[in-house]
Structures are given as C-alpha cells and as structure tokens.
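Computation of the quantities below employed the complete heavy-atom set of this structure, encompassing side-chain atoms and omitting hydrogens, waters and symmetry-equivalent molecules.
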Amino acid sequence: MIDDTELVAQLQSDRQKEQAFRELMGLYKERLYWHIRNIVKSHDDADDVLQNTFIKVYKNINNFKGDSKLFSWMYRIATNESITFINKNAKRLNVTSEEVQQLAIKTLASDVYFEGDAIQLKLQKAIATLPEKQQLVFNMKYFEDLKYKEMSDVLETSEGALKASYHIAVKKIEAYLTDD
C-alpha cells in the first residue's frame with residue numbers, strides 16, 4: 001500500500017495524477033461517503049456531495065501542503081461540502097438548516113438505501129435536534145469511530161472541546177430517546 005507522501009507526490013505530478021487519483025478514490029470513497037451520508041442523510045445527496053468533494057480534492061491537490069494527513073484534509077473538504085449543501089438547500093427552500101435536517105429525516109424512512117429500523121430512525125431524529133457542530137462530533141465519534149486527535153485535525157478544534165461536545169451531544173440524545 002502506498003503512503004500519503006508518495007500518493008500526494010503522484011497526485012501533484014501531471015504525469016501520474018490520473019492514476020493516483022483513481023487510487024485515492026479507491027482508498028477513501030467509502031469512508032467519505034458514510035461521513036457525508038451521516039450529515040446529509042440521503043443516499044442521492046451523499047453521492048452528489050461526494051462527487052463535489054472529489055472534484056474539489058482534484059482541483060486543489062496542488063494546494064495541499066501536508067500540514068495534516070491527506071485523509072484529514074479530504075474529510076475537512078467533505079464536511080464543508082456537506083454543510084454547504086445543507087445551507088444551499090435551506091436557502092433554496094427558504095427554511096433553516098435545522099428544518100432541512102428534519103426534512104431529510106422524514107424522507108429517510110422512505111429512502112430505499114436506508115437499512116435502519118425504527119430505532120435507527122429515532123436515533124437519526126435525535127441527532128438532527130443537535131446543533132451542527134455537535135452533530136458532526138457525534139457522527140464522527142459514534143458512527144465513524146474517529147479518535148479525538150483525528151477529529152481535531154479535521155474540525156480544527158481542540159480535543160478537549162470535542163470531548164465536551166461529544167459528551168453534551170450524548171446527554172441530549174439520551175434525553176431525547178428516553179423522553180417517549
């Protein structure tokens with residue numbers, strides 16, 4: 001398996017860029033898809049955002065300085081693209097981004113790609129009630145099992161703040177789930 005430094009060098013080389021990019025997609029497509037899907041909820045929307053993410057990565061790979069891991073950099077782009085997508089939808093529908101999330105949850109039950117049951121759906125509803133940052137932190141920790149250090153690189157926030165956010169998010173979700 002190729003290491004990040006070598007892959008970045010190939011991605012930044014005109015001669016090897018295409019092949020290296022195919023390899024990059026193979027390595028990270030699934031992880032990025034699920035990260036995006038946890039934010040935007042819908043399979044089709046996640047596919048669109050994933051495509052936009054890879055386009056941004058392709059166009060901006062020469063700006064990658066190696067200050068963080070390649071994966072963290074791509075994750076940050078995916079996160080920003082997901083949030084931009086939600087905000088654009090909110091603007092287009094003339095509602096808040098929270099309302100867009102609620103709409104996404106409503107359509108999740110009928111999404112043929114959603115494999116969850118009633119409990120999963122309820123968890124998604126609980127997550128949607130959280131502020132944006134807490135949603136991100138919860139999804140990254142709970143579903144993607146990222147370490148706080150990795151999350152810190154992606155979200156450019158201290159590990160302590162992330163731990164606090166996660167703890168608060170868990171408490172709010174527990175309260176939501178036990179309310180019924």
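For the atom pair OG of Ser165 and CE of Met151, the computed distance is 8.0 Å after rounding to the nearest 0.5 Å. The structure places CD1 of Ile86 at 15.5 Å from NZ of Lys91, a figure rounded to the nearest 0.5 Å. We find the OG-CD1 distance between Ser72 and Ile77 to be 11.0 Å, quoted to the nearest 0.5 Å. Here CG of Leu32 is found 10.5 Å from CD of Glu30. Values are rounded to the nearest 0.5 Å. Residue Ile173 holds its CD1 atom at 7.0 Å from OG1 of Thr129, rounded to the nearest 0.5 Å. Between the OG atom in Ser42 and the CD1 atom in Ile36 there is a gap of 12.0 Å [rounded to 0.5 Å].
Here the side chains of Asn38 and Met140 are not in contact, with every heavy-atom distance at 4.5 Å or above. Using a 4.5 Å heavy-atom cutoff, the side chains of Asp47 and Tyr33 are in contact. Side-chain contact between Leu146 and Lys141 is absent, with no heavy-atom pair separated by less than 4.5 Å.
Side-chain atoms of Ser152 come within 3.5 Å of backbone N or O of Thr157 as a donor-acceptor pair. For the pair Asp153 (side chain) and Ser68 (backbone), a donor-acceptor distance under 3.5 Å is absent. Side-chain N or O atoms of Thr84 include one that pairs as donor or acceptor with a backbone N or O of Asn80 at under 3.5 Å. A donor-acceptor contact shorter than 3.5 Å links the side chain of Glu150 to the backbone of Lys147.
Listed by first then second residue, pairs satisfying salt bridge (charged side-chain N to carboxylate O under 4.0 Å, His left out) with a partner in residues 59-85 read Lys56-Glu81, Arg76-Glu156, not counting sequence neighbours.
Across all non-hydrogen atoms, the minimal contact from Pro131 to Lys172 is CD-NZ, 3.8 Å. Pairing each heavy atom of Phe85 with each of Asp45, the nearest pair is CZ-CG, 3.3 Å. Smallest separation of non-hydrogen atoms from Met74 and Phe54: CE-CE2, 4.0 Å. A pairwise comparison of heavy atoms in Leu7 and Ala20 identifies CD1-O, 3.7 Å as the closest pair. In terms of heavy atoms, Asp4 sits closest to Leu70 at OD2-N, 3.2 Å. Considering all non-hydrogen atoms of both residues, Leu155 and Lys133 come closest at O-NZ, 4.1 Å.
Hydrophobic clustering (side-chain heavy atoms under 4.5 Å, transitive across Ile, Leu, Val, Met, Phe, Trp, Tyr) groups Phe71 together with Leu136. Hydrophobic clustering keeps Ile55 apart from Ile61 (ILVMFWY residues linked when any side-chain heavy atoms are closer than 4.5 Å, directly or through intermediates). Linking Ile, Leu, Val, Met, Phe, Trp and Tyr residues whenever their side-chain heavy atoms come within less than 4.5 Å leaves Ile168 and Phe143 in two separate clusters. Transitive grouping of hydrophobic side chains (ILVMFWY, heavy atoms separated by less than 4.5 Å) brings Trp34 and Met25 into a common cluster.
Side-chain N/O atoms of Gln10 and Lys17 include no donor and acceptor closer than 3.5 Å. Looking at Lys163 and Ser158, their side chains never bring a donor and an acceptor atom within 3.5 Å of each other. Defined by atom type and a distance below 3.5 Å, a donor-acceptor pair is missing between the side-chain atoms of Tyr28 and His35.
In terms of the ring pair (Phe, Tyr, Trp, His ring centres under 6.0 Å) criterion, residue partners of Phe138 (sequence neighbours excluded) are, by chain and number, Tyr142, Tyr166.
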Phe21/Gln16 under side chain to side chain contact (heavy atoms under 4.5 Å, CB included): CA gap, chis, key distance, verdict: CA-CA 8 Å; Phe21 193 72; Gln16 297 175 298; over 6 Å; no
Side chain to side chain contact (heavy atoms under 4.5 Å, CB included) between Glu132 and Ile39, worked out: CA-CA 9 Å; Glu132 192 174 86; Ile39 300 170; over 6 Å; no
Evaluation steps, side chain to side chain contact (heavy atoms under 4.5 Å, CB included), between Trp73 and Asn60: CA-CA 11 Å; Trp73 180 72; Asn60 294 295; 4.2 Å; yes
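A cation-pi contact, defined as under 6.0 Å to the ring centre and within 45° of the axis, is absent between Lys125 and Tyr176.
Atom CG of Asn94 sits in a sparse spot, with 12 or fewer heavy atoms from other residues, nucleotides or ligands closer than 6.0 Å. Other residues, nucleotides and ligands contribute over 12 non-hydrogen atoms within 6.0 Å of the CD atom of Glu159.
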